[in-house]
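Working notes for the structure below.
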Amino acid sequence: MSTWEVRSECTPRCAAHAAPRVPFTETARRCAAFARAAGRALRDGERMAEPARLRAHARAVLASVGVRLVVEAARDGVGLAVPYGAGSAVPHGADATPASQARPGTLVVANHISWLDIPALLAVEPVTLLAKREVGDWPLVGTLARRAGTRFIDRAGPRQLPTAVAGLADLLRSGRSVAAFPQATTWCSVAHGAFRRATFQAALDADAPVRPVTIAYEQLGMPSTVAGFLGDEEFLSSVRRVVGARGLTVRVTVHPPLLPPPGAHDRRTLAALARAAVSRTVREPVRYAPGACRVGAAPAPDQALGTYL
């Protein structure tokens with residue numbers, strides 16, 4: 001493993017049901033529904049990336065595996081922010097943006113727990129996703145990701161970083177909103193994982209707002225780790241656990257955008273503000289499988305200083 005790669009202490013043993021599993025017949029029905037939803041998305045071909053279709057497919061995937069989507073606005077803001085609903089096109093500084101000048105897109109940053117995070121975000125807002133290069137090679141998932149317009153980055157070494165940041169900044173300048181997971185890997189709960197800073201440099205370079213988003217999972221109202229896609233777990237193993245989960249809800253909390261005037265923040269500060277927003281007022285799971293990692297465990301010192309996307 002390269003010293004630049006992100007390591008997670010979470011393993012599949014961190015993922016545990018917080019409620020009794022659904023009956024086998026319901027599990028089988030959900031598996032079949034998931035296959036149908038994925039098949040419909042594949043048959044859409046390149047049209048899948050159209051915003052309305054992308055949102056519809058994402059919602060269909062969540063529904064097929066019995067996952068309820070709840071979207072809410074955060075009650076409080078962090079840093080320089082405007083109320084949720086004011087939109088991402090709020091001008092920086094005192095002067096309004098001229099009508100002839102295209103406004104940049106928004107950088108959406110979220111914590112990362114599960115493969116379900118992706119359809120959950122796309123079901124709310126069909127943005128361009130940023131993912132590691134390896135995802136594009138996964139069976140089925142890679143094909144769906146490519147057709148959804150996902151941009152892939154190489155995390156194998158730091159030499160690729162300037163090119164990735166420049167490309168992300170160009171996307172934002174063009175007016176396209178991009179969603180990224182700055183933790184660079186999955187963790188079993190919101191409390192884990194530092195935010196890497198490179199994506200925030202792209203937002204600063206493009207003078208783009210940053211929208212923090214919290215993704216959390218519950219079962220029958222109780223915080224749950226069952227959706228976690230962790231460590232070296234196979235995708236189908238995680239799918240089997242999800243389709244057997246009773247009363248699973250993904251809660252997407254949208255925080256006010258961070259709109260620092262040019263030069264007001266560096267990427268370290270902006271990443272810290274976004275991380276604080278994402279981790280605020282989240283109920284964490286308190287019960288884990290034997291040997292699972294601990295909630296709130298501090299990241300390794302080298303991870304806290306990581307710069308990966």
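We're numbering straight along the sequence, starting at 1.
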Start with the C-alpha gap between V61 and H57, add the side-chain angles, then the distance that decides, and say whether side chain to side chain contact (heavy atoms under 4.5 Å, CB included) holds. CA-CA 6 Å; V61 166; H57 285 307; 5.6 Å; no

Work out which heavy atom in [X] is nearest to a heavy atom in [Y]; give both atom names and the distance.
X	Y	value
G105	A208	O-CB, 3.2 Å
T225	A16	OG1-N, 2.9 Å
W115	S238	NE1-OG, 2.9 Å
V210	A203	CG2-CB, 3.8 Å
P51	P126	O-CG, 3.5 Å
P182	A180	CD-O, 3.3 Å

State whether a side-chain donor-acceptor pair under 3.5 Å links T269 with D266.
-> yes

Open item on the list: Distance alone, cut at 3.5 Å: any donor-acceptor contact between the side chains of T106 and R211?
Closed with: no

Quiz item: Is Q219 reaching over with its side chain to a backbone N or O of A18, donor-acceptor style, under 3.5 angstrom?
Solution: yes

What about [X] and [Y], same hydrophobic cluster or not, with Ile/Leu/Val/Met/Phe/Trp/Tyr joined at side-chain heavy-atom distances under 4.5 Å?
X	Y	result
L122	V254	yes
V278	L129	yes
L220	V22	no
V70	L62	no
V127	F181	no

Are E233 and R241 within salt-bridge range, i.e. N to O under 4.0 Å? yes

Quick check: do [X] and [Y] have side-chain heavy atoms less than 4.5 Å from each other?
X	Y	result
F229	I113	no
P212	L258	yes
L116	Y217	yes
R30	T27	no
M48	R146	no

Next item on the list: Please report the C-alpha distance between I215 and L121 in whole Å, then the side-chain angles of each, then the deciding distance to 0.1 Å, and finally whether the side chain to side chain contact (heavy atoms under 4.5 Å, CB included) criterion is met.
Entry: CA-CA 9 Å; I215 301 174; L121 283 178; 4.1 Å; yes

Calculate, to the nearest 0.5 Å, the distance between atoms [atom1] and [atom2] belonging to [X] and [Y] respectively.
X	Y	atom1	atom2	answer
T199	L130	OG1	CG	8.0 Å
D205	F200	CG	CZ	13.5 Å
R246	R21	CZ	CZ	11.0 Å
L144	L42	CG	CG	4.5 Å
L69	L248	CG	CG	11.0 Å
L107	L172	CG	CG	6.0 Å

Worked check of side chain to side chain contact (heavy atoms under 4.5 Å, CB included) between R147 and D44: CA-CA 9 Å; R147 292 185 179 177; D44 239 358; over 6 Å; no

Fill in: Criterion side chain to side chain contact (heavy atoms under 4.5 Å, CB included) on T214 and N111, from CA distance to verdict
CA-CA 6 Å; T214 303; N111 61 294; 4.1 Å; yes

